[in-house]
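The figures here come from the full heavy-atom set of this structure, side chains too, leaving out hydrogens, waters and symmetry mates. Both ligands and their constituent atoms are indexed starting at 1 by order of listing.
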Amino acid sequence: MNIHEYQAKAVLKEFGAPVSRGVPIFKPEEAEKAANELGGPIWVVKSQIHAGGRGKGKFKEAAAGEKGGVRLAKSVDEVKTFAREMLGNTLVTLQTGPAGKQVNRLYIEEGSEIEKEFYLSILVDRATSRIAFVVSTEGGMDIEEVAHNTPEKIKTFSVDPATGVMPHHGLTVAKALGLSGAAAKQATGLVAQLYAAFVAKDMAMLEINPLIVTKGGDLRVLDAKVSFDSNALYRHPEIVALRDETEEDPKEIEASKYDLAYIALDGTIGCMVNGAGLAMASLDIIQLYGESPANFLDVGGSASEEKVTAAFKIITADPKVKGILVNIFGGIMKCDVIARGVIAAVQAVGLQVPLVVRLEGTNVEEGKTIIRESGLNVIPADDLDDAAQKIVKAVREAR
Ligand code: ADP
Ligand code: MG
């Protein structure tokens, strides 16, 4: 789960991290009060969307002006103007894709005088099973580009969970970033605060780009992007409360209500599969035969008929879906449960596109009988390869 920058900064502040003062607003009328509260003389008006690259982004609407999604304002009037221009309009950045995202919230923040911008992120390194830090002197820029062109400018290290963060980690960061004086001392504190926040809140990723040194020589968190491990959200109702559903794919929200592992993709073939491995293989083989999957879906080993019905409805509701592939290898999951779920869903919502069903494993004969006797126009398949070829062919013929 992702949250907005201003929410991430509030979380980090609880752990003592140095963030700027700021006020989130939802309506242009709130801009003046927020600006006066902060006092100026410089404000930054920041679009709050779940995507980066806002500074260099562009609004679709001419009325939003030419200045991007993060704007420096030198007066209260300018804050008000920017708020009016930005709120409700669509910001397109490198990370939003061409459709862009509507800006429904702004963060009005006090302006910092920036001496230098750095990059710092924390993530779970699966290779070492540890929490790892990534730091670079090349902040504010596309870190992927830095990693590709000048990998020597990126320093990484991981923290031993038995000791936790140690003073030497702070020194490593200070050295990697070439910090001196107060900022070097502050690095030790910041590393400990960020690590504490990361562990306590079950974060999956924390990215600060840029981390800055101010003209006054202090370290400051100027941007913050946080995502949380969704498997641990049950422990953090205060984080769940920060969820902004307007930022999420409605199909994924619906799927999460049924505890389905569903991820929306761009293609035309809807997939219902049990087991993550078989689901991945199904996506690959569809691609192999020249079409693309519309989703990843693992209905799991113990899905009920109700869950299968919900999953099927989510797939058929997607207008991009031109054909559906059900690929079930019944182990713990039983083929007859899948068959009943599919039929219940089709009876409820109808079926406008070709459907290929491949069933194998536990109760396969019952499953096949249920589908045969349902009178549904289902194309049966014998194995994964056969199933993929049949759905690709059916989708192409229907075009
Ligand atoms: P994004 O990464 O989405 O473009 P950032 O929050 O990193 O958004 O902002 C882009 C740039 O705007 C930063 O690299 C920094 O130069 C500038 N900036 C952001 N917040 C402030 C601030 N409070 N004061 C001064 N400059 C800022
Ligand atoms: Mg940034």
Side-chain angles (χ1 to χ4, degrees), residues 2-13 17-25 31 34-35 37-59 64-76 78-79 82-83 86 89-97 100-123 134-147 154 177 194 205-227 244 247:
N2 297 320
I3 57 174
H4 289 292
E5 173 200 357
Y6 76 93
Q7 297 167 327
K9 285 178 169 172
V11 171
L12 297 180
K13 195 176 171 194
V19 297
S20 304
R21 291 186 309 129
V23 181
I25 67 165
E37 210 174 301
L38 293 169
I42 292 181
W43 299 261
V44 182
V45 183
K46 309 185 77 173
S47 307
Q48 299 297 293
I49 54 172
H50 286 186
R54 297 163 299 164
K56 289 185 183 151
K58 284 205 160 46
F59 281 93
E66 290 276 294
K67 285 189 173 160
V70 175
R71 302 181 182 185
L72 202 71
K74 298 209 172 78
S75 67
V76 175
E78 223 176 357
V79 173
F82 290 159
M86 293 158 81
N89 283 325
T90 310
L91 182 61
V92 181
T93 80
L94 275 178
Q95 292 182 12
T96 60
K101 280 197 160 166
Q102 192 177 49
V103 176
N104 300 317
R105 309 177 186 199
L106 294 175
Y107 193 42
I108 317 287
E109 191 175 64
E110 65 182 353
S112 288
E113 288 198 292
I114 302 173
E115 178 66 32
K116 198 160 178 348
E117 300 195 333
F118 304 108
Y119 176 92
L120 184 153
S121 64
I122 311 182
L123 45 95
V134 178
V135 292
S136 175
T137 49
E138 307 307 297
M141 294 177 26
D142 225 338
I143 197 70
E144 291 85 358
E145 230 162 76
V146 179
I154 294 180
L177 299 182
L194 297 178
M205 203 253 337
L206 162 60
E207 186 180 57
I208 298 173
N209 188 24
L211 170 71
I212 62 157
V213 174
T214 63
K215 289 232 183 323
D218 294 313
L219 271 188
R220 187 164 283 264
V221 171
L222 217 61
D223 187 11
K225 193 173 178 184
V226 175
S227 67
D244 179 359
E247 292 281 342

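Put simply, the side chain of L106 reaches to within 4.5 Å of the side chain of M86, judged on heavy atoms. F118 is listed as a side-chain neighbour of V213, based on a closest heavy-atom distance under 4.5 Å. Contact of the D218 side chain with the P18 side chain is not registered, since no non-hydrogen atoms from C-beta on lie closer than 4.5 Å. In this structure, the side chains of I154 and Y119 stay at 4.5 Å or more apart for every pair of heavy atoms.
At least one donor-acceptor pair under 3.5 Å links the side chain of Q95 to the backbone N or O of G52. Counting only distance, with no hydrogens or angles, the side chain of N209 and the backbone of G140 share a donor-acceptor pair below 3.5 Å.
For the side chain to side chain donor-acceptor pair (under 3.5 Å) test with R54, the passing option among D223, T96, T93 is D223; the others fail. Checked options R105, K225, Q48; the residue passing with E5 is Q48 (criterion: side chain to side chain donor-acceptor pair (under 3.5 Å)).
The protein residues lying under 4.0 angstrom from ligand 1, judged by non-hydrogen atoms, are V44, K46, G52, G53, R54, G55, V70, E109, E110, G111, S112, I114, E117, N209, P210, L222, D223.
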**OP:** Mind running side chain to side chain donor-acceptor pair (under 3.5 Å) on D244 and H50 for me, showing each step along the way?
**Re:** CA-CA 9 Å; D244 179 359; H50 286 186; 5.0 Å; no

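Protein N/O/S atoms closer than 2.8 Å to the Mg ion (ligand 2), listed by chain and residue number, are N209 O, D223 OD2.
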